[in-house]
There are 2 protein chains.
Amino acid sequence: MNDEPQTPPSRSADRVYDQVKAMAVTYRLRPGERVNEVELARSLGVSRTPLREALNRLAAEGFLIATVNRGYSVRPLDPKRVLTLYEYRAMLEVGALRLACERASDEALDALAAFAARSRDEPDDDEHALELLTLDEQFHESLARLSDNEEMVRSLRSLNERVRFIRWIDMRKGRRSSTQDEHLMILRHLRARDADAAAALMQTHIARRLDQITDMIRAGFAEIYTGNALAAKAMGEVA
Amino acid sequence: MNDEPQTPPSRSADRVYDQVKAMAVTYRLRPGERVNEVELARSLGVSRTPLREALNRLAAEGFLIATVNRGYSVRPLDPKRVLTLYEYRAMLEVGALRLACERASDEALDALAAFAARSRDEPDDDEHALELLTLDEQFHESLARLSDNEEMVRSLRSLNERVRFIRWIDMRKGRRSSTQDEHLMILRHLRARDADAAAALMQTHIARRLDQITDMIRAGFAEIYTGNALAAKAMGEVA
DNA sequence: GGACGCAGATGTGAATACACTTCTAGCAAG
DNA sequence: CTTGCTAGAAGTGTATTCACATCTGCGTCC
């Protein structure tokens with residue numbers, strides 16, 4: 001189970017990258033907060049050099065902001081930006097979907113449908129929001145992979161990570177019931193090679209909660225400054 | 001004019017980032033070639049530390065590939081990937097365009113049209129391919145900005161940089177005549193708030209040369225290994 | 001004669017050391 | 001009491017040094 005003995009992953013920078021990303025994504029590092037390099041490095045058990053490499057990559061990917069002579073800070077939780085990311089994600093997924101509709105084999109679509117059907121059996125309570133979110137991301141990412149466009153998949157993965165916290169907040173409100181059914185419906189349209197129908201459904205599937213983003217962010221702030229169960233869980237996984 | 005005295009841009013890492021990116025984009029560093037850090041650092045007049053930060057960012061953005069214990073190498077010039085990037089770019093621009101159609105003011109569209117009309121006066125010979133390409137990128141980026149979605153603009157910029165070399169090759173074949181007219185036509189559709197027409201035109205505008213990518217890459221290799229005027233020009237700008 | 005193996009060289013990954021900028025606290029002048 | 005100035009502290013940016021992995025070439029063993 002533990003693969004550490006055979007994989008001493010030569011680069012501590014990569015490990016640190018994952019760890020810090022998890023911290024930023026779950027807002028264990030608080031939005032707007034400035035990162036103290038020596039302190040964080042010490043707490044992660046490495047020197048500043050690999051930490052700075054990780055911070056650099058995270059800044060390049062939009063998780064952090066770099067300011068000259070003032071180091072790095074976590075990107076503030078800004079409604080406008082979250083909206084922007086949601087919008088981008090919707091467009092990207094619809095675009096990938098249209099490509100997938102032309103390119104995906106019937107077998108691949110069936111396999112994904114099987115996965116989606118299996119996901120339906122997961123419990124739907126507040127406790128399992130993270131697992132549900134993970135399943136949802138996996139579904140969407142697998143679907144995007146059927147577009148056979150690696151760069152789109154890459155972008156989608158990055159986008160998903162950046163809005164994960166907000167989506168987790170959203171998931172906990174038990175909105176999921178309809179989600180899984182829509183997944184299956186999208187696949188049915190794809191199977192029928194009806195790109196327009198699939199695209200339209202995907203668009204509403206993603207954009208549905210756009211107008212509630214401000215509320216979700218409000219709830220997000222509450223979570224961040226009063227507990228943050230997501231950060232706790234993520235830490236358990238990574239560290 | 002020269003702002004160097006008042007702006008000694010505290011971070012040599014940023015300068016190095018721009019320089020190395022220019023090298024990678026123009027394939028002054030050859031595709032597949034492994035980057036020797038000490039050598040490159042010396043030739044840029046800095047130590048390995050800021051250079052490595054630059055390389056990190058470039059790898060995160062997809063310009064370079066990082067391999068464990070073997071450092072960085074320039075991403076090879078792969079037809080499949082270029083096609084992927086073109087495809088992504090087409091989708092992204094069409095998506096941004098649809099948003100712009102809803103959101104852009106008449107004034108903004110007119111201003112952009114004026115810019116496009118002005119660009120028409122540029123000479124069209126082989127020598128000015130780089131300027132033409134720059135103007136084209138500016139047009140498309142300005143258009144994307146009208147979507148009011150910062151993340152899309154960011155992605156588009158990155159995509160443009162990654163395919164710049166190939167597009168430059170393409171530009172030198174004097175394909176431009178129709179380009180400018182199509183730009184104006186797209187704007188006219190937007191002005192009439194006809195998103196579908198604009199989107200369709202944009203799609204063909206970008207995807208037109210997709211089937212010729214293999215040829216362009218062949219020409220690209222020839223350029224890289226026999227002269228590479230683009231690298232020479234870019235060096236003049238940056239260094 | 002070929003394959004394996006073993007230094008030495010080369011080059012990357014990480015840690016430490018140093019320089020310089022920004023922030024802070026305290027004092028002095030108005 | 002407020003404002004401005006000035007060391008000192010704190011923290012980032014860069015250089016240097018050390019550690020370790022990979023590559024190369026030559027010699028030896030089979």
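Just so we're on the same page: letters track the sequence lines, and every chain starts at 1. In this text, all values refer to a predicted model and were calculated from it rather than measured experimentally.
- To the nearest angstrom, P of D/dG13 lies 17 Å from CZ of B/R52.
- Look at CG on A/D14: it is 13 Å from C1' on C/dT12, rounded to the nearest Å.
- Atoms OH (A/Y17) and P (C/dG13) sit 17 Å apart, rounded to a whole Å.
- Residues from residues 36-43 of chain B lying near DNA chain C, meaning a heavy-atom separation below 4.0 Å, are B/N36, B/E37 in numerical order.
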Let me have a per-nucleotide readout for nucleotides 15-22 of chain C, 5' to 3', with B, S or -, counting only protein heavy atoms under 4.0 Å. BBB---SS

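- Taking B/F139 as the reference, B/H183 meet the ring-ring contact (aromatic ring centres under 6.0 Å, His included) condition, with sequence neighbours excluded.
- Taking atom CD on B/E53 and atom C1' on D/dA15, their separation rounds to 12 Å, with Å as the unit.
- The backbone N or O of A/M152 sits nowhere less than 3.5 Å from a side-chain atom of A/S155 that would complete a donor-acceptor pair.
- A/L92 and A/L159 get closest at one heavy-atom pair: CD2-CD1, 3.8 Å.
- Counting non-hydrogen atoms under 4.0 angstrom, A/V16 reaches nothing in the nucleic acid.
- Within 6.0 Å of atom CZ in A/R28, 12 or fewer heavy atoms from other residues, nucleotides or ligands are found, so the atom counts as exposed in its surroundings.
- Judged by the 6.0 Å distance and 45° axis criteria, B/R172 is positioned over the aromatic ring of B/W168.
- The shortest non-hydrogen separation linking B/M216 to B/I166 is CE-CG2, 3.8 Å.
- Summarising the geometry, the separation between CG on B/L51 and P on D/dT14 is reported as 12 Å, rounded to the nearest angstrom.
- B/N149 contributes a side-chain N or O that, together with a main-chain N or O of A/T84, makes up a donor-acceptor pair within less than 3.5 Å.
- The two atoms that bring B/I169 and B/G220 nearest to each other are CD1-CA, 3.9 Å, heavy atoms only.
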